[in-house]
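Sequence positions, counted from 1, serve as the residue numbers for this chain.
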Amino acid sequence: MRVVTTAQPLDVTPTPLALLLLGREADPKSERGVECPGDLPAPSDPDLVARARAAKEALGDKVFVLGHHYQRDEVIEFADVTGDSFKLARDAAARPDAEYIVFCGVHFMAESADILTGDDQRVILPDLAAGCSMADMATAEQVAECWDVLTEAGVAERTVPVSYMNSSADIKAFTGKHGGTICTSSNARRALEWAFGQGQQVLFLPDQHLGRNTAVRDLGMSLEDCVVYNPHRPNGGLTAEELRTAKMILWRGHCSVHGRFSLESVNDVRARIPGVNVLVHPECKHEVVAAADQVGSTEYIIKALEAAPAGSKWAIGTELNLVRRLANRFAPEGKEIVFLDRTVCFCSTMNRIDLPHLVWALESLVAGKTVNRIEVDKETEHFAKLALERMLALP
């Protein structure tokens, strides 16, 4: 006999927050994976700092630890160098004597380090789940299909692919195979100028905002010169005529953190802090970039704050770990630095690299075991390196 019971309703009205936490409600202003109700939790093991130091000392010069600017402070403490993705990959390549490269960043960064380092060096990512939502928005299969669409429209031969550093090794290899180059947020303008010297149109992968902002702000194009290719729609959601007349074919991708900043964020911080300087990353939406006082890469942001006068006020539109670190660094100089938005915060995938994972990776190396090695196959490496070398040769 099957007994069916009916739960009696409780005389309780769940709050919106309770429903959200139970997975029964959605926050329309929040993207899954970037919510941040408070500070990051502290490591559960109080001995982790001592264990990290001991493991790093035991490995000595055999290990080289790279820390991206968006990493937690607890991880940055053990980094031999810090920087953005490309700077770190180049730093790794400049240390041929290091047997192990421990990359505290995300997957595409570790791939780039493996491409640029020697065959005898091993690149390790402490947590393989540390990916990048933007890089994942363009797969090799989708980009190959896009190229077929461009070919059918008769524009592939005159189109040069330019891929952002924040892309997978497969996308970098596609770019190399098709005569394109890689760019960073620092040299995107030079990369686009080079590309338009090679062809008439550019396919920009995978961040539409960096491509649009560079084309419009730096090269003087109009928004109408840019179209967005959506890989989830037939023919990218574009007609053959739209593809033929566009100068910039932008891939429909974005950064989950930078893409959340809004014009409302800018207006709000100006109202709250009179005289504030708004400084944002070019991965932000075009309307945010247009409303900002300054726009630049991670390295640009750091240098701008270093040069800022004492007593100046700044609202920064980039990842929260870096903003907090800069706020603490420059507070003694009387510089007021705040996060541009009230709610958007940590890069959830970048923060998967925490102290427990770093300690595990280092102690495994001490024990003679290599974990989470990142290896790019030789053919992919060849063409990806070709695209990276074109970038290095940019004037």
field: Close side-chain approach of R373 and V123, heavy atoms under 4.5 Å
entry: no
- prompt: How about F174 and W147: are their ring centres within less than 6.0 Å of each other?
  reply: yes
- prompt: Hey, is K335 close enough to E333 for a salt bridge, meaning N to O under 4.0 Å?
  reply: yes
query: Any side-chain donor-acceptor pair under 3.5 Å between S348 and N351?
result: no
message: For D61, is the CG atom crowded, meaning more than 12 foreign heavy atoms sit under 6.0 Å from it?
response: no
message: Before you tell me yes or no, could you show the steps for L66 and D80 under side-chain contact (heavy atoms from CB on, under 4.5 Å), namely the whole-Å CA-CA distance, both residues' side-chain angles and the distance that decides it to 0.1 Å?
response: CA-CA 6 Å; L66 307 172; D80 294 302; over 6 Å; no
- prompt: Roughly how far apart are N166 CG and S185 OG, rounded to 0.5 Å?
  reply: 7.5 Å
message: In this structure, would V143 and V228 fall into the same cluster of hydrophobic residues linked by side-chain contacts under 4.5 Å?
response: no
Check: N187/T184 side-chain N/O donor and acceptor closer than 3.5 Å: yes
message: We want to know whether S133 and D136 form a side-chain donor-acceptor pair, criterion being a heavy-atom distance below 3.5 angstrom.
response: no
query: Are any side-chain N or O atoms of E336 and backbone N or O atoms of W314, one a donor and one an acceptor, separated by less than 3.5 Å?
result: no
message: Taking K385 first and then D114, would you say they form a salt bridge - that is, a charged N and a carboxylate O separated by under 4.0 Å?
response: no
task: For Q198, look at atom CD and say whether over 12 heavy atoms of other residues, nucleotides or ligands are found less than 6.0 Å away.
output: yes
message: For a quick test of reading the model, state the closest non-hydrogen atom pair linking L125 to H107 and the distance between them.
response: CD2-CA, 3.8 Å
query: Can C104 and V65 be said to form a side-chain contact (heavy atoms from CB on, under 4.5 Å), step by step?
result: CA-CA 7 Å; C104 297; V65 180; 4.1 Å; yes
field: side-chain hydrogen bond (donor to acceptor under 3.5 Å, both in side chains) assessment of N213 paired with D218
entry: CA-CA 7 Å; N213 290 328; D218 298 334; over 6 Å; no
- prompt: Is the backbone N or O of V149 less than 3.5 Å from a side-chain atom of E152, with the two atoms forming a donor-acceptor pair by type?
  reply: no
statement: Apart from W360 itself, members of its ILVMFWY cluster (side-chain separation under 4.5 Å) are V371
message: Taking ring-ring contact (aromatic ring centres under 6.0 Å, His included) as the definition, give me every residue that meets it alongside F64, ordered by chain and number, with sequence neighbours left out.
response: none
message: On a heavy-atom basis, which atom in A169 and which in A384 lie closest, and how many Å separate them?
response: O-CB, 4.0 Å
statement: Scanning both residues in full, the closest heavy-atom pair of T181 with A387 reads OG1-O, 3.6 Å
- request: Report yes if some heavy atom in the side chain of Y164 is under 4.5 Å from a heavy atom in the side chain of M134; otherwise report no.
  value: yes
Residues R270 and D293 bridged, charged N to O under 4.0 Å: yes
query: Can you name the one residue among V102, L362, V49, V359 that meets side-chain contact (heavy atoms from CB on, under 4.5 Å) with F78?
result: V49
message: Can you see whether R252 engages Q208 through a side-chain donor-acceptor pair at a distance of less than 3.5 angstrom?
response: no
- prompt: Between A130 and I353, which heavy-atom pair has the shortest distance, and what is it?
  reply: CB-CD1, 3.8 Å
- line: Between the SG atom in C347 and the CG atom in L322, the distance rounded to the nearest 0.5 Å is 12.0 Å
query: Yes or no on side-chain contact (heavy atoms from CB on, under 4.5 Å) for L192 and F204, after CA distance, side-chain angles and deciding distance?
result: CA-CA 9 Å; L192 286 184; F204 194 90; 4.1 Å; yes
field: Heavy-atom check, side chain of H69 versus side chain of N321, under 4.5 Å
entry: no
D47 side chain vs A50 backbone, donor-acceptor pair below 3.5 Å: no
- request: Enter the distance from K56:NZ to L365:CG here, rounded to the nearest 0.5 Å.
  value: 12.0 Å
salt_bridge(K172, E381) N-O dist < 4.0 Å: no
message: Using every non-hydrogen atom in the two residues, find where P126 and N372 come nearest and quote the distance to one decimal.
response: O-ND2, 3.1 Å
- prompt: Atom OG1 in T117, atom CZ in R95: separation rounded to 0.5 Å?
  reply: 13.0 Å
- request: Consider only side-chain N and O atoms of T214 and R189, and report whether a donor and an acceptor are under 3.5 Å apart.
  value: no
query: Closest heavy-atom contact between M137 and P231?
result: O-CG, 4.4 Å
message: Do K378 and D119 make a side-chain contact, defined as non-hydrogen atoms from C-beta onward lying under 4.5 Å apart?
response: yes
message: Is there a side-chain contact between H281 and Y300 in this structure, where contact means two heavy atoms from C-beta onward sitting under 4.5 Å apart?
response: no
query: Is the shortest heavy-atom distance from the side chain of F103 to the side chain of I374 under 4.5 Å?
result: no
message: Any heavy-atom pair between the side chains of H68 and L88 that's under 4.5 Å?
response: yes
- prompt: Can we say D91 and K87 salt-bridge, meaning some charged N sits less than 4.0 Å from an Asp/Glu carboxylate O?
  reply: yes
query: To the nearest 0.5 Å, what is the distance between CD1 (I115) and NE2 (H382)?
result: 12.0 Å
message: Check for me, please, whether V338 and Y70 land in the same ILVMFWY cluster - side-chain distances under 4.5 Å, paths through other members count.
response: yes
- request: Compare all side-chain heavy atoms of V216 with those of D225 and state whether any distance is below 4.5 angstrom.
  value: no
- request: Tell me, yes or no, whether the heavy-atom count around R217 atom CZ, taken from other residues, nucleotides or ligands under 6.0 Å, exceeds 12.
  value: yes
field: Any donor-acceptor pair under 3.5 Å from T349 side chain to G131 backbone
entry: yes
message: Between L394 and L388, is there shared hydrophobic-cluster membership here, with clusters defined by ILVMFWY side-chain heavy atoms closer than 4.5 Å?
response: yes
- request: May I have the step-by-step check of salt bridge (Lys or Arg N to Asp or Glu O under 4.0 Å) for E224 and K247, ending in yes or no?
  value: CA-CA 9 Å; E224 289 70 32; K247 293 181 180 178; over 6 Å; no
- prompt: Does the Q200 side chain pair with the main chain of R158, one donor and one acceptor, at a distance under 3.5 Å?
  reply: no
field: K177 to F383 six-membered ring, cation-pi geometry met (6.0 Å, 45°)
entry: yes
field: Option passing side chain to side chain donor-acceptor pair (under 3.5 Å) with H258 (candidates E283, E319, K285, H209)
entry: E283
message: Could you go through N277 and Q294, starting from their C-alpha distance and side-chain angles, then the distance that decides it, and tell me whether this counts as side-chain contact (heavy atoms from CB on, under 4.5 Å)?
response: CA-CA 8 Å; N277 299 282; Q294 293 187 49; 5.5 Å; no
message: Starting from V288, can I reach I273 by hopping between I/L/V/M/F/W/Y residues whose side chains sit under 4.5 Å apart?
response: yes
query: Quick check: does any side chain N or O of N235 sit under 3.5 Å from a backbone N or O of G237, one acting as donor and the other as acceptor?
result: no
task: Verify the cluster assignment for F108 and I171: are they in a single hydrophobic cluster under the rule of side-chain heavy atoms below 4.5 Å apart?
output: no
task: Identify which one of R53, R72, Q71 satisfies the side chain to side chain donor-acceptor pair (under 3.5 Å) criterion when paired with E77.
output: R53
task: Indicate yes or no: does R244 engage E241 in a salt bridge with an N to O separation below 4.0 Å.
output: yes
message: Return the CZ to CG distance between F339 and L320, rounded to the nearest 0.5 Å.
response: 5.0 Å
